[in-house]
Structures are given as structure tokens and as C-alpha cells.
Amino acid sequence: MNLRLHIFLSQFLWLVSVLKGKSLQGIPGYGRNLLIKTIPAVEDYQSNVYEVFMEPYLYELGTTYPLDGDRSQKQIQIPIGPQPIPGIQAIVHLQDDEESGVEGDLVFTQLVPNGPVSIEGNITGLSPGLHGLHVHQTGDVDDNCKKIGPHFIAYYGRHGGPRDAVRHVGDLGNIKAEEGATLDVKIVDHLISLTGPRSIVGRSLAISKSEDDYGRSSTEDSALTGTSGPAIACGIIGYLN
């Protein structure tokens, strides 16, 4: 009887808080809204796709959150950095495959849940020209880049460019290297994510040997990989801090 009364009172208080447009403090889960992301339909290819998930906790680096007050705040200790950045971050260390000499470090930052992800960092050892950049399905890099699998597909089955309506989630386009120069990467992508169904964390990022044609060549290989050739560097994407 006490348990039933407790459940009834909890549901009643939740209903009152919703009607008043306020969240209840001290009750786990309250104050965190469900987020709904809509990916538009593509005519003759797919219907609308909807993602529903709970808003993750976002912390400012270098901040301590006490346990008292709202229980949606967790007590954590994060090392203080020179420039605290809110949101979620991930990192990948790229290692060369078959002695290509390509290496680098890229940091992924997502400030808003389910929002765009920025990719910044530098890469060395690339030959001049365009090279495809893709997130692959698995994070198995034990055998160099041979077992990372196909591009991270999620909802889409055809390869494309980063701004195409139909593309693999992992299709990040091309990066351009200059002769003897370190490549500074600055990319913003609106389809990959660091949380939810489109999360790239735990998967691998790879640089291909050749240019990505964005699936424009009307061949089977173009529709799968953009004829960008084998991976010459790859690494596992993991959360930062």
C-alpha cells in the first residue's frame, strides 16, 4: 500500500509540475527532457526518420557539481583546463597503415545535444591532393586498418558527400593536403553525433588513399566507398576526459 501511494504521489507531483511548466528538484530524471530529432524524408528512398532520446548531462570542464539540491547534478571532478569547454568531446589518434607515414590527432566537440559536431586537429604525412575522410563501422584496428568494416551507415545505404540528402552517416567528405605541410583540419558535420543512435564513439575514423567522388561515378564501388581506395591511416574514436 505504501508503495502504491508513493507511486501515485510521484505521478501526481509530476503532472502538477508539467502543467506549471516547471521541473521538480530532488527527483531523479525530472528536469531532463526527451529530445526528438527529425531527419526529413527522401522521395522514393525513405520516409521520415525520428530519433527520441533523453538529454545527456553536459558539464563544463573544470567544474565541481555538489550532490545537494537537484539530483540531476552529479558530483564529479574534472581536471581544470586552460579554456573550459562545455558539452561533450571525443578524440582520435590516427596511426599509419602499411607504413604510409600518415599520423594525426583530431578532436570532436558537440556543444548541443544532438547538434552539429566540429572536428579539429592536424595530420602529417599525407601526399598532396584530396583524400577521403570516413567513420567506419567498427573500432577494430588491431590488424592495421583491415578490419574496420564499411562506412558507418546507420540509416542510409548509399554513399554520398557530406551535404547530400542521402549519405552514410560516416561520410565526411575530402580533406586536402599540400606538399610537405601539416594539414590543419576544421570540419563541422550535422549528421554524426557523440551520443544517441548516430554516435561515432567506439568506431574508427580512417583516411583513404584517394579522393572521394561522393558516389557520383555510377559504379558499384562509387556507391559504397566513393572509389576512395584503401585506408592509409585509422584510429578508434573515444571520449575525451
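Numbers here simply count residues along the sequence, with the first being 1. Quantities reported herein were computed from a predicted structural model and do not represent experimental measurements.
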If we ignore hydrogens and angles and just use 3.5 Å, is the side chain of [X] paired with the main-chain N or O of [Y] as donor and acceptor?
X      : Y      : value
Arg158 : Ala223 : no
Ser208 : Gly132 : yes
Asp97  : Ile232 : no
Gln110 : Gly115 : yes
Ser193 : Gly196 : no
Ser204 : Gly139 : no

Practice problem: Check the pair Asn122, Thr182 against side chain to side chain donor-acceptor pair (under 3.5 Å), reporting the backbone distance first and the verdict last. | Solution: CA-CA 7 Å; Asn122 57 75; Thr182 297; over 6 Å; no
Self-check item: Contacts of type side-chain hydrogen bond (donor to acceptor under 3.5 Å, both in side chains), residue Asp221, not counting sequence neighbours
Solution: Thr225
Practice problem: Only counting residues at least two apart or in another chain, list the ones meeting side-chain hydrogen bond (donor to acceptor under 3.5 Å, both in side chains) with Ser127. | Solution: His131
Within the 3.5 Å criterion, strictly below it, is a donor on [X] or [Y] matched to an acceptor on the partner's side chain?
X      : Y      : answer
Asp171 : His134 : no
Gln89  : Thr109 : yes
His159 : Asp213 : no

Minimum heavy-atom distance [X]-[Y], with the two atoms named:
X      : Y      : result
Asp105 : His93  : OD1-ND1, 2.9 Å
Leu172 : Arg167 : CD2-NH2, 4.2 Å
Leu126 : Ala177 : CB-CB, 3.6 Å
Cys145 : Ala231 : CB-CB, 3.8 Å

If hydrophobic clusters are built from ILVMFWY residues whose side chains come within less than 4.5 Å, do [X] and [Y] share one?
X      : Y      : answer
Phe108 : Val141 : no
Ile148 : Ile119 : no
Ile123 : Val117 : yes
Ile200 : Tyr239 : yes
Ile187 : Val135 : yes

Self-check item: Presence of salt bridge, Arg198 and Asp189, under 4.0 angstrom
Solution: no
Quiz item: Does Arg216 come within less than 4.0 Å of Asp164, counting only side-chain N to carboxylate O?
Solution: yes
Would you mind reporting whether [Y] and [X] have side-chain heavy atoms less than 4.5 Å apart?
X      : Y      : answer
Pro128 : Glu179 : yes
Leu94  : Glu103 : no
Ile153 : Val169 : no

Exercise. Please confirm whether His136 and His168 have ring centers closer than 6.0 angstrom.
Key: no
Exercise. Flag yes if more than 12 heavy atoms outside Lys176 fall under 6.0 Å of its NZ atom; otherwise flag no.
Key: no
Exercise. Start with the C-alpha distance between Ile175 and Ile207, add both sets of side-chain angles, then the distance that settles side chain to side chain contact (heavy atoms under 4.5 Å, CB included), and finish with yes or no.
Key: CA-CA 9 Å; Ile175 52 178; Ile207 300 175; 4.2 Å; yes
